[in-house]
Amino acid sequence: MTQSTSNAAATSAVSGASAKRGFWSSRMAFVLAATGSAVGLGNIWKFPYITGENGGGAFVLVYLLCIAVVGIPIMMAEVMIGRRGGRSPINSMRILAERDRLSSRWKWLAGVGVLASFLILSFYSVIGGWAVSYVGTAASGQLSGQSAEVIGAIFSGLLGDPGKLLIWHSLFMALTMLVVARGLRGGLERAVTILMPALFVLLLLLVGYAMTTGHFGQAASFLFRPDFSSLTTEAVLVALGHAFFTLSLGMGVMMAYGSYLNKNVSIAKTSLLVSLMDTGVALLAGLAIFPIVFANGLEPGAGPGLIFQTLPLAFGQMPLGSLFGTLFFVLLVFAAWTSAISLLEPLVEWLEEQKGMNRLVSTLGAGSLCWLLGIASILSLNEWSGFAPLGMFAAFEGKTVFDLLDYLTANILLPLGGLLVAVFVGWFMARQALENELSLRGPWFGLWYGVLRYVTPVAVAIVFIYNLV
(Lines give C-alpha, C1' and ligand atoms only; values in the text may rest on other atoms or scores of the structure.)
Protein backbone atom coordinates (compact mmCIF):
# COMPACT_ATOMS: atom_id res chain seq x y z
CA MET A 1 0.00 0.00 0.00
CA THR A 2 1.41 3.42 -0.96
CA GLN A 3 1.76 6.27 1.55
CA SER A 4 -1.04 8.24 -0.15
CA THR A 5 -3.35 5.22 -0.09
CA SER A 6 -2.53 4.64 3.57
CA ASN A 7 -3.31 8.29 4.42
CA ALA A 8 -6.55 8.11 2.46
CA ALA A 9 -7.59 4.98 4.34
CA ALA A 10 -6.80 6.61 7.68
CA THR A 11 -8.73 9.74 6.70
CA SER A 12 -11.67 7.61 5.59
CA ALA A 13 -11.66 5.76 8.93
CA VAL A 14 -11.61 9.07 10.81
CA SER A 15 -14.43 10.48 8.69
CA GLY A 16 -16.50 7.35 9.17
CA ALA A 17 -16.02 7.47 12.91
CA SER A 18 -16.83 11.18 13.07
CA ALA A 19 -20.14 10.60 11.31
CA LYS A 20 -21.23 8.48 14.28
CA ARG A 21 -20.04 10.95 16.93
CA GLY A 22 -22.46 12.31 19.47
CA PHE A 23 -22.43 15.23 21.88
CA TRP A 24 -22.98 15.65 25.58
CA SER A 25 -26.70 16.17 26.15
CA SER A 26 -26.05 19.35 28.13
CA ARG A 27 -23.36 21.60 29.52
CA MET A 28 -23.90 20.06 32.96
CA ALA A 29 -23.29 16.57 31.56
CA PHE A 30 -19.86 17.72 30.35
CA VAL A 31 -19.16 19.48 33.66
CA LEU A 32 -19.99 16.32 35.62
CA ALA A 33 -17.87 14.18 33.29
CA ALA A 34 -14.88 16.53 33.39
CA THR A 35 -15.22 16.94 37.16
CA GLY A 36 -15.48 13.17 37.50
CA SER A 37 -12.22 12.85 35.60
CA ALA A 38 -10.53 15.51 37.71
CA VAL A 39 -11.97 14.26 41.03
CA GLY A 40 -10.10 11.06 41.66
CA LEU A 41 -7.64 9.55 44.07
CA GLY A 42 -5.64 12.77 43.77
CA ASN A 43 -8.39 14.66 45.63
CA ILE A 44 -9.49 12.08 48.19
CA TRP A 45 -6.15 10.34 48.76
CA LYS A 46 -3.26 12.56 47.74
CA PHE A 47 -4.41 16.14 48.46
CA PRO A 48 -5.08 15.60 52.19
CA TYR A 49 -1.73 13.96 52.89
CA ILE A 50 0.40 16.40 50.87
CA THR A 51 -1.43 19.26 52.61
CA GLY A 52 -0.54 17.61 55.91
CA GLU A 53 3.08 17.14 54.88
CA ASN A 54 3.47 20.75 53.73
CA GLY A 55 1.98 22.74 56.56
CA GLY A 56 -1.72 23.21 55.84
CA GLY A 57 -3.24 26.61 55.02
CA ALA A 58 -0.27 28.27 53.33
CA PHE A 59 0.07 25.27 51.04
CA VAL A 60 -3.65 25.44 50.19
CA LEU A 61 -3.34 29.12 49.21
CA VAL A 62 -0.38 28.40 46.92
CA TYR A 63 -2.26 25.43 45.45
CA LEU A 64 -5.27 27.64 44.62
CA LEU A 65 -2.98 30.17 42.94
CA CYS A 66 -1.40 27.38 40.90
CA ILE A 67 -4.85 26.20 39.79
CA ALA A 68 -5.50 29.73 38.51
CA VAL A 69 -2.24 30.26 36.61
CA VAL A 70 -1.57 26.71 35.40
CA GLY A 71 -4.66 24.53 35.69
CA ILE A 72 -7.43 26.67 34.22
CA PRO A 73 -5.44 28.08 31.24
CA ILE A 74 -4.26 24.62 30.13
CA MET A 75 -7.69 23.06 30.69
CA MET A 76 -9.26 25.72 28.45
CA ALA A 77 -6.60 25.05 25.81
CA GLU A 78 -7.11 21.27 25.89
CA VAL A 79 -10.93 21.46 25.73
CA MET A 80 -10.63 23.97 22.89
CA ILE A 81 -8.32 21.63 20.91
CA GLY A 82 -10.78 18.76 21.35
CA ARG A 83 -13.86 20.75 20.35
CA ARG A 84 -12.24 22.53 17.43
CA GLY A 85 -10.76 19.29 16.08
CA GLY A 86 -13.85 17.21 16.82
CA ARG A 87 -11.90 13.93 16.88
CA SER A 88 -9.74 11.87 19.21
CA PRO A 89 -6.85 13.85 20.78
CA ILE A 90 -4.26 12.67 18.22
CA ASN A 91 -6.47 13.35 15.21
CA SER A 92 -7.70 16.67 16.61
CA MET A 93 -4.10 17.85 16.95
CA ARG A 94 -3.31 16.70 13.41
CA ILE A 95 -6.35 18.52 11.99
CA LEU A 96 -5.58 21.79 13.81
CA ALA A 97 -1.92 21.67 12.77
CA GLU A 98 -2.91 21.18 9.13
CA ARG A 99 -5.44 24.06 9.29
CA ASP A 100 -2.70 26.42 10.44
CA ARG A 101 -0.19 24.93 7.96
CA LEU A 102 1.98 23.47 10.67
CA SER A 103 3.80 20.16 10.78
CA SER A 104 1.55 17.14 11.25
CA ARG A 105 4.11 15.94 13.81
CA TRP A 106 2.28 18.10 16.34
CA LYS A 107 -0.19 15.22 16.60
CA TRP A 108 2.38 13.39 18.73
CA LEU A 109 1.86 16.09 21.36
CA ALA A 110 -1.52 14.47 21.96
CA GLY A 111 0.13 11.08 21.54
CA VAL A 112 2.18 11.82 24.66
CA GLY A 113 -1.06 12.42 26.57
CA VAL A 114 -2.77 9.27 25.28
CA LEU A 115 0.29 7.21 26.24
CA ALA A 116 0.29 8.82 29.70
CA SER A 117 -3.40 8.06 30.29
CA PHE A 118 -2.85 4.44 29.22
CA LEU A 119 0.14 3.96 31.54
CA ILE A 120 -1.58 5.71 34.46
CA LEU A 121 -4.70 3.58 34.13
CA SER A 122 -2.64 0.39 34.29
CA PHE A 123 -1.48 1.10 37.87
CA TYR A 124 -4.39 3.36 38.84
CA SER A 125 -6.64 0.31 38.42
CA VAL A 126 -4.48 -1.55 40.94
CA ILE A 127 -4.99 1.24 43.51
CA GLY A 128 -8.70 1.35 42.63
CA GLY A 129 -8.73 -2.35 43.45
CA TRP A 130 -7.33 -1.57 46.91
CA ALA A 131 -10.27 0.78 47.51
CA VAL A 132 -12.79 -1.86 46.36
CA SER A 133 -11.15 -4.37 48.69
CA TYR A 134 -11.35 -1.99 51.64
CA VAL A 135 -15.11 -1.48 51.18
CA GLY A 136 -15.57 -5.12 52.19
CA THR A 137 -12.90 -4.93 54.88
CA ALA A 138 -14.58 -1.95 56.56
CA ALA A 139 -18.13 -3.29 56.13
CA SER A 140 -17.22 -6.64 57.72
CA GLY A 141 -15.95 -4.95 60.88
CA GLN A 142 -12.37 -6.17 60.46
CA LEU A 143 -11.05 -2.70 61.34
CA SER A 144 -13.04 -2.31 64.57
CA GLY A 145 -10.93 -1.93 67.69
CA GLN A 146 -7.71 -2.98 66.01
CA SER A 147 -4.23 -1.75 66.89
CA ALA A 148 -1.96 0.10 64.45
CA GLU A 149 0.04 -3.10 64.02
CA VAL A 150 -3.02 -5.12 62.99
CA ILE A 151 -4.24 -2.38 60.61
CA GLY A 152 -0.77 -2.24 59.05
CA ALA A 153 -0.72 -6.03 58.74
CA ILE A 154 -4.09 -5.97 56.89
CA PHE A 155 -2.70 -3.54 54.31
CA SER A 156 0.64 -5.35 54.03
CA GLY A 157 -1.20 -8.65 53.64
CA LEU A 158 -3.21 -7.23 50.75
CA LEU A 159 -0.12 -5.90 48.97
CA GLY A 160 1.74 -9.16 49.53
CA ASP A 161 -0.95 -11.35 47.96
CA PRO A 162 -0.76 -11.16 44.13
CA GLY A 163 -3.83 -13.39 43.78
CA LYS A 164 -6.07 -11.04 45.76
CA LEU A 165 -4.66 -7.98 44.04
CA LEU A 166 -5.33 -9.56 40.63
CA ILE A 167 -8.97 -10.21 41.54
CA TRP A 168 -9.57 -6.63 42.70
CA HIS A 169 -7.61 -5.13 39.79
CA SER A 170 -9.63 -7.26 37.34
CA LEU A 171 -12.93 -6.25 38.93
CA PHE A 172 -12.09 -2.55 38.86
CA MET A 173 -10.92 -2.70 35.23
CA ALA A 174 -14.06 -4.65 34.24
CA LEU A 175 -16.25 -1.94 35.82
CA THR A 176 -14.32 0.71 33.89
CA MET A 177 -14.59 -1.13 30.57
CA LEU A 178 -18.31 -1.78 31.11
CA VAL A 179 -19.03 1.96 31.22
CA VAL A 180 -16.74 2.98 28.34
CA ALA A 181 -18.02 0.20 26.05
CA ARG A 182 -21.55 1.61 26.27
CA GLY A 183 -20.51 4.81 24.51
CA LEU A 184 -21.06 8.48 25.23
CA ARG A 185 -24.72 8.80 26.24
CA GLY A 186 -25.39 5.25 27.48
CA GLY A 187 -22.04 4.82 29.21
CA LEU A 188 -19.94 7.88 30.11
CA GLU A 189 -22.79 10.34 30.59
CA ARG A 190 -25.12 7.96 32.41
CA ALA A 191 -22.32 6.87 34.77
CA VAL A 192 -21.21 10.37 35.76
CA THR A 193 -24.77 11.65 36.24
CA ILE A 194 -25.26 8.88 38.82
CA LEU A 195 -21.80 8.61 40.36
CA MET A 196 -20.95 12.30 40.76
CA PRO A 197 -24.09 13.32 42.72
CA ALA A 198 -23.63 10.17 44.83
CA LEU A 199 -19.99 11.15 45.44
CA PHE A 200 -20.98 14.65 46.60
CA VAL A 201 -23.67 13.24 48.94
CA LEU A 202 -21.22 10.74 50.46
CA LEU A 203 -18.60 13.45 50.93
CA LEU A 204 -21.08 15.77 52.65
CA LEU A 205 -22.20 12.90 54.93
CA LEU A 206 -18.58 12.30 55.92
CA VAL A 207 -18.02 16.01 56.56
CA GLY A 208 -21.14 16.00 58.74
CA TYR A 209 -19.75 13.00 60.62
CA ALA A 210 -16.39 14.77 61.01
CA MET A 211 -18.18 17.72 62.61
CA THR A 212 -19.25 15.46 65.48
CA THR A 213 -15.67 14.56 66.46
CA GLY A 214 -15.05 17.79 68.36
CA HIS A 215 -12.01 18.61 66.22
CA PHE A 216 -13.67 20.19 63.18
CA GLY A 217 -12.50 23.69 64.16
CA GLN A 218 -8.91 22.46 64.48
CA ALA A 219 -9.13 20.87 61.04
CA ALA A 220 -10.60 24.03 59.48
CA SER A 221 -7.85 26.11 61.07
CA PHE A 222 -5.22 23.70 59.79
CA LEU A 223 -6.59 23.90 56.25
CA PHE A 224 -7.44 27.60 56.00
CA ARG A 225 -5.17 29.50 58.40
CA PRO A 226 -1.92 30.08 56.52
CA ASP A 227 1.42 29.72 58.26
CA PHE A 228 3.94 30.91 55.71
CA SER A 229 6.85 30.10 57.99
CA SER A 230 6.20 26.41 57.24
CA LEU A 231 6.07 26.95 53.48
CA THR A 232 9.20 25.73 51.68
CA THR A 233 10.30 25.97 48.05
CA GLU A 234 9.64 22.26 47.71
CA ALA A 235 6.09 22.75 49.03
CA VAL A 236 5.44 25.39 46.35
CA LEU A 237 6.64 23.01 43.64
CA VAL A 238 4.51 20.19 45.07
CA ALA A 239 1.47 22.49 44.96
CA LEU A 240 2.27 23.43 41.36
CA GLY A 241 2.68 19.81 40.33
CA HIS A 242 -0.51 18.68 42.07
CA ALA A 243 -2.55 21.53 40.60
CA PHE A 244 -1.52 20.22 37.20
CA PHE A 245 -2.15 16.56 37.98
CA THR A 246 -5.49 16.95 39.75
CA LEU A 247 -7.30 18.46 36.73
CA SER A 248 -6.39 15.51 34.45
CA LEU A 249 -4.19 17.73 32.29
CA GLY A 250 -1.57 16.40 29.90
CA MET A 251 -3.44 13.08 29.54
CA GLY A 252 -5.54 13.77 26.45
CA VAL A 253 -8.66 13.37 28.60
CA MET A 254 -9.92 16.95 28.32
CA MET A 255 -9.28 16.88 24.57
CA ALA A 256 -11.31 13.67 24.27
CA TYR A 257 -14.17 15.02 26.39
CA GLY A 258 -13.99 18.39 24.61
CA SER A 259 -14.50 16.68 21.25
CA TYR A 260 -18.07 15.84 22.36
CA LEU A 261 -18.84 19.42 23.50
CA ASN A 262 -21.40 21.53 21.63
CA LYS A 263 -20.24 24.80 20.03
CA ASN A 264 -22.70 26.90 22.02
CA VAL A 265 -21.10 26.01 25.38
CA SER A 266 -18.61 28.48 26.87
CA ILE A 267 -15.25 26.77 27.30
CA ALA A 268 -14.03 29.45 29.73
CA LYS A 269 -17.04 29.31 32.08
CA THR A 270 -17.16 25.53 31.94
CA SER A 271 -13.44 25.10 32.67
CA LEU A 272 -13.72 27.52 35.59
CA LEU A 273 -16.69 25.60 36.99
CA VAL A 274 -14.91 22.24 36.68
CA SER A 275 -11.83 23.67 38.42
CA LEU A 276 -13.93 25.12 41.25
CA MET A 277 -15.82 21.84 41.76
CA ASP A 278 -12.60 19.82 41.72
CA THR A 279 -10.96 22.15 44.25
CA GLY A 280 -14.12 22.13 46.38
CA VAL A 281 -14.02 18.33 46.56
CA ALA A 282 -10.35 18.38 47.58
CA LEU A 283 -11.05 20.86 50.39
CA LEU A 284 -14.16 18.95 51.55
CA ALA A 285 -12.06 15.77 51.61
CA GLY A 286 -9.65 17.57 53.92
CA LEU A 287 -12.53 18.67 56.16
CA ALA A 288 -13.79 15.08 56.25
CA ILE A 289 -10.40 13.49 56.98
CA PHE A 290 -8.47 15.84 59.28
CA PRO A 291 -11.05 16.05 62.13
CA ILE A 292 -10.94 12.24 62.34
CA VAL A 293 -7.14 12.30 62.29
CA PHE A 294 -6.93 14.97 65.03
CA ALA A 295 -9.63 13.29 67.14
CA ASN A 296 -7.49 10.17 67.33
CA GLY A 297 -4.21 11.94 67.97
CA LEU A 298 -2.81 10.83 64.61
CA GLU A 299 -0.31 12.58 62.34
CA PRO A 300 -1.87 14.69 59.50
CA GLY A 301 1.32 14.35 57.44
CA ALA A 302 1.21 10.57 57.50
CA GLY A 303 2.03 10.33 53.79
CA PRO A 304 0.50 7.87 51.30
CA GLY A 305 -0.50 5.54 54.15
CA LEU A 306 -3.01 8.12 55.44
CA ILE A 307 -5.96 6.54 53.61
CA PHE A 308 -5.19 2.82 53.87
CA GLN A 309 -3.51 2.70 57.29
CA THR A 310 -4.03 5.87 59.35
CA LEU A 311 -7.74 6.43 58.63
CA PRO A 312 -8.74 2.75 59.02
CA LEU A 313 -7.12 2.88 62.46
CA ALA A 314 -9.21 5.97 63.29
CA PHE A 315 -12.47 4.50 61.96
CA GLY A 316 -11.83 1.35 63.98
CA GLN A 317 -11.74 3.35 67.22
CA MET A 318 -14.80 5.57 66.65
CA PRO A 319 -18.54 5.10 67.24
CA LEU A 320 -20.22 3.99 63.99
CA GLY A 321 -16.71 3.69 62.57
CA SER A 322 -17.54 0.62 60.46
CA LEU A 323 -20.48 2.40 58.81
CA PHE A 324 -18.63 5.61 58.02
CA GLY A 325 -15.45 3.77 57.13
CA THR A 326 -17.44 1.80 54.57
CA LEU A 327 -18.99 4.99 53.20
CA PHE A 328 -15.54 6.55 52.93
CA PHE A 329 -14.15 3.69 50.85
CA VAL A 330 -17.27 3.66 48.65
CA LEU A 331 -16.55 7.36 48.07
CA LEU A 332 -12.97 6.48 47.17
CA VAL A 333 -14.16 3.81 44.70
CA PHE A 334 -16.56 6.26 43.01
CA ALA A 335 -13.82 8.88 42.68
CA ALA A 336 -11.37 6.36 41.23
CA TRP A 337 -14.01 4.89 38.89
CA THR A 338 -14.99 8.22 37.28
CA SER A 339 -11.31 9.01 36.70
CA ALA A 340 -10.53 5.56 35.28
CA ILE A 341 -13.38 5.90 32.77
CA SER A 342 -11.84 9.12 31.47
CA LEU A 343 -8.35 7.61 31.28
CA LEU A 344 -9.54 4.81 29.00
CA GLU A 345 -11.55 7.08 26.69
CA PRO A 346 -8.72 8.76 24.66
CA LEU A 347 -7.23 5.45 23.47
CA VAL A 348 -10.66 3.92 22.76
CA GLU A 349 -11.67 7.00 20.76
CA TRP A 350 -8.48 6.79 18.69
CA LEU A 351 -8.90 3.06 17.99
CA GLU A 352 -12.47 3.70 16.82
CA GLU A 353 -11.31 6.35 14.36
CA GLN A 354 -7.96 5.08 13.21
CA LYS A 355 -8.55 1.33 13.09
CA GLY A 356 -12.26 1.37 12.27
CA MET A 357 -13.11 -0.73 15.34
CA ASN A 358 -16.55 -0.55 16.90
CA ARG A 359 -16.91 0.73 20.45
CA LEU A 360 -17.03 -2.67 22.13
CA VAL A 361 -13.98 -4.08 20.34
CA SER A 362 -11.88 -0.94 20.87
CA THR A 363 -12.78 -0.91 24.58
CA LEU A 364 -11.95 -4.59 25.02
CA GLY A 365 -8.63 -4.12 23.20
CA ALA A 366 -7.49 -1.01 25.08
CA GLY A 367 -8.80 -2.24 28.44
CA SER A 368 -7.17 -5.65 28.10
CA LEU A 369 -3.77 -4.06 27.38
CA CYS A 370 -4.13 -1.86 30.47
CA TRP A 371 -5.14 -4.88 32.53
CA LEU A 372 -2.09 -6.86 31.35
CA LEU A 373 0.31 -4.04 32.17
CA GLY A 374 -1.37 -3.70 35.55
CA ILE A 375 -0.30 -7.26 36.38
CA ALA A 376 3.33 -6.11 36.21
CA SER A 377 2.50 -3.41 38.78
CA ILE A 378 0.83 -6.01 41.01
CA LEU A 379 3.86 -8.30 40.91
CA SER A 380 6.20 -5.37 41.63
CA LEU A 381 4.47 -5.02 45.02
CA ASN A 382 5.42 -8.55 46.05
CA GLU A 383 7.09 -11.17 43.82
CA TRP A 384 9.08 -8.62 41.79
CA SER A 385 9.66 -6.15 44.65
CA GLY A 386 13.42 -6.35 44.14
CA PHE A 387 13.25 -5.86 40.36
CA ALA A 388 14.06 -2.34 39.09
CA PRO A 389 13.73 -2.38 35.25
CA LEU A 390 15.83 0.78 34.76
CA GLY A 391 17.94 0.41 37.88
CA MET A 392 21.14 0.82 35.88
CA PHE A 393 20.34 4.56 35.71
CA ALA A 394 20.86 6.53 38.92
CA ALA A 395 17.53 8.40 38.58
CA PHE A 396 15.60 5.11 38.52
CA GLU A 397 17.62 3.15 41.07
CA GLY A 398 15.35 1.06 43.28
CA LYS A 399 12.18 1.93 41.34
CA THR A 400 9.93 -1.07 40.77
CA VAL A 401 7.56 -1.29 37.78
CA PHE A 402 4.82 0.38 39.86
CA ASP A 403 7.17 3.17 41.00
CA LEU A 404 8.59 3.62 37.51
CA LEU A 405 5.19 4.02 35.84
CA ASP A 406 4.14 6.53 38.50
CA TYR A 407 7.38 8.47 38.12
CA LEU A 408 7.44 8.53 34.32
CA THR A 409 3.85 9.70 34.00
CA ALA A 410 3.66 12.22 36.85
CA ASN A 411 7.12 13.71 36.44
CA ILE A 412 7.82 13.48 32.70
CA LEU A 413 4.86 12.71 30.42
CA LEU A 414 2.19 14.89 32.06
CA PRO A 415 4.30 18.05 32.48
CA LEU A 416 5.77 17.55 28.99
CA GLY A 417 2.29 17.17 27.47
CA GLY A 418 0.97 20.24 29.30
CA LEU A 419 3.99 22.31 28.35
CA LEU A 420 3.60 21.41 24.67
CA VAL A 421 -0.14 22.23 24.76
CA ALA A 422 0.61 25.69 26.19
CA VAL A 423 3.29 26.30 23.56
CA PHE A 424 1.19 25.01 20.65
CA VAL A 425 -1.93 26.99 21.53
CA GLY A 426 -0.16 30.08 22.82
CA TRP A 427 2.50 30.44 20.13
CA PHE A 428 1.45 28.52 17.01
CA MET A 429 -2.36 28.56 16.66
CA ALA A 430 -3.93 31.56 14.92
CA ARG A 431 -5.08 34.12 17.49
CA GLN A 432 -8.33 34.80 15.63
CA ALA A 433 -9.24 31.10 15.72
CA LEU A 434 -8.70 31.08 19.48
CA GLU A 435 -10.89 34.16 19.96
CA ASN A 436 -13.67 32.60 17.88
CA GLU A 437 -13.55 29.25 19.67
CA LEU A 438 -13.34 30.62 23.21
CA SER A 439 -15.80 33.51 22.65
CA LEU A 440 -13.76 35.67 25.02
CA ARG A 441 -13.54 39.35 24.25
CA GLY A 442 -11.51 42.30 25.45
CA PRO A 443 -9.38 42.00 28.59
CA TRP A 444 -10.55 38.46 29.44
CA PHE A 445 -9.11 36.96 26.28
CA GLY A 446 -5.94 39.02 26.67
CA LEU A 447 -5.52 37.85 30.26
CA TRP A 448 -5.93 34.17 29.35
CA TYR A 449 -3.70 34.49 26.28
CA GLY A 450 -0.94 36.30 28.17
CA VAL A 451 -0.94 33.83 31.06
CA LEU A 452 -0.95 30.83 28.69
CA ARG A 453 1.94 32.23 26.62
CA TYR A 454 4.24 33.62 29.28
CA VAL A 455 3.34 32.35 32.76
CA THR A 456 2.02 28.82 32.35
CA PRO A 457 4.91 27.42 30.23
CA VAL A 458 7.49 28.79 32.67
CA ALA A 459 5.64 27.35 35.68
CA VAL A 460 5.26 23.92 34.07
CA ALA A 461 8.87 23.96 32.85
CA ILE A 462 10.07 24.67 36.41
CA VAL A 463 8.14 21.65 37.73
CA PHE A 464 9.38 19.52 34.86
CA ILE A 465 13.05 20.42 35.41
CA TYR A 466 12.76 20.19 39.20
CA ASN A 467 11.29 16.68 38.99
CA LEU A 468 14.03 15.55 36.64
CA VAL A 469 16.89 17.06 38.64
Side-chain angles (χ1 to χ4, degrees), residues 11 14-38 71-102 106-107 109-110 113 183-190 192-193 247-249 251-277 342 345-346 348-350 352-353 359 421-422 424-426 428-449 452:
T11 302
V14 172
S15 300
S18 65
K20 305 173 189 175
R21 294 180 67 83
F23 293 95
W24 301 107
S25 64
S26 65
R27 173 173 175 260
M28 185 50 62
F30 170 79
V31 168
L32 288 174
T35 305
S37 174
I72 294 174
I74 293 182
M75 176 178 281
M76 289 172 60
E78 290 197 8
V79 174
M80 185 274 301
I81 288 171
R83 187 170 77 174
R84 188 164 177 80
R87 306 290 190 274
S88 65
I90 294 173
N91 284 320
S92 287
M93 281 298 308
R94 178 183 58 78
I95 289 167
L96 296 192
E98 289 174 354
R99 282 182 189 172
D100 288 340
R101 298 180 181 179
L102 302 171
W106 276 106
K107 68 182 180 183
L109 180 166
L184 179 65
R185 292 284 182 92
L188 302 177
E189 186 170 318
R190 181 174 294 178
V192 297
T193 52
L247 292 176
S248 295
L249 303 178
M251 306 179 192
V253 169
M254 292 303 163
M255 293 184 199
Y257 278 9
S259 70
Y260 300 120
L261 187 63
N262 278 303
K263 293 289 185 182
N264 61 355
V265 175
S266 168
I267 290 176
K269 291 178 181 177
T270 303
S271 298
L272 180 61
L273 181 56
V274 171
S275 301
L276 288 173
M277 290 175 70
S342 70
E345 178 63 22
V348 169
E349 198 179 17
W350 181 79
E352 280 189 288
E353 292 176 355
R359 186 76 177 185
V421 165
F424 175 78
V425 175
F428 288 90
M429 283 190 69
R431 179 175 176 136
Q432 188 60 51
L434 299 178
E435 290 183 353
N436 294 339
E437 196 67 42
L438 293 176
S439 300
L440 286 174
R441 295 289 181 265
W444 291 113
F445 178 83
L447 176 63
W448 171 80
Y449 196 54
L452 186 73

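- For Lys269, the NZ atom sits in a loose shell: 12 or fewer heavy atoms of surrounding residues, nucleotides or ligands are nearer than 6.0 Å.
- Taken to the nearest 0.5 Å, the OH atom of Tyr260 stands 12.0 Å off from the CZ atom of Phe30.
- Looking at residues two or more places apart in sequence or on another chain, you find a ring pair (Phe, Tyr, Trp, His ring centres under 6.0 Å) between Phe428 and Trp106.
- Looking at Glu353, its side chain never comes within 3.5 Å of a backbone N or O of Asn91 through a donor-acceptor pair.
- Within 6.0 Å of CZ in Arg431 there are more than 12 heavy atoms belonging to other residues, nucleotides or ligands.
- Evaluation of the side-chain hydrogen bond (donor to acceptor under 3.5 Å, both in side chains) rule for Arg27 yields Thr270 as partners, not counting sequence neighbours.
- Residues Leu434 and Trp448 meet the side-chain proximity criterion, which asks for heavy atoms closer than 4.5 Å.
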Would Met76 and Leu452 satisfy side-chain contact (heavy atoms from CB on, under 4.5 Å), going step by step from the backbone distance to the final call? CA-CA 10 Å; Met76 289 172 60; Leu452 186 73; over 6 Å; no
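- Residues Arg87 and Glu349 are not paired through a salt bridge, judged by the lack of any N-O separation under 4.0 Å between the basic side chain and the carboxylate.
- By the 4.5 Å heavy-atom criterion applied to side chains, Met251 and Ser342 are not counted as neighbours.
- Not a single side-chain hydrogen bond (donor to acceptor under 3.5 Å, both in side chains) links Ser439 to another residue, sequence neighbours left out.
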Given the rule in the side-chain contact (heavy atoms from CB on, under 4.5 Å) test, do Ser92 and Arg84 qualify, once you have shown the distances and angles that lead to the verdict? CA-CA 7 Å; Ser92 287; Arg84 188 164 177 80; over 6 Å; no
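- Of the inter-residue distances, the one linking Ile81 atom CD1 with Ile95 atom CD1 reads 12.0 Å to the nearest 0.5 angstrom.
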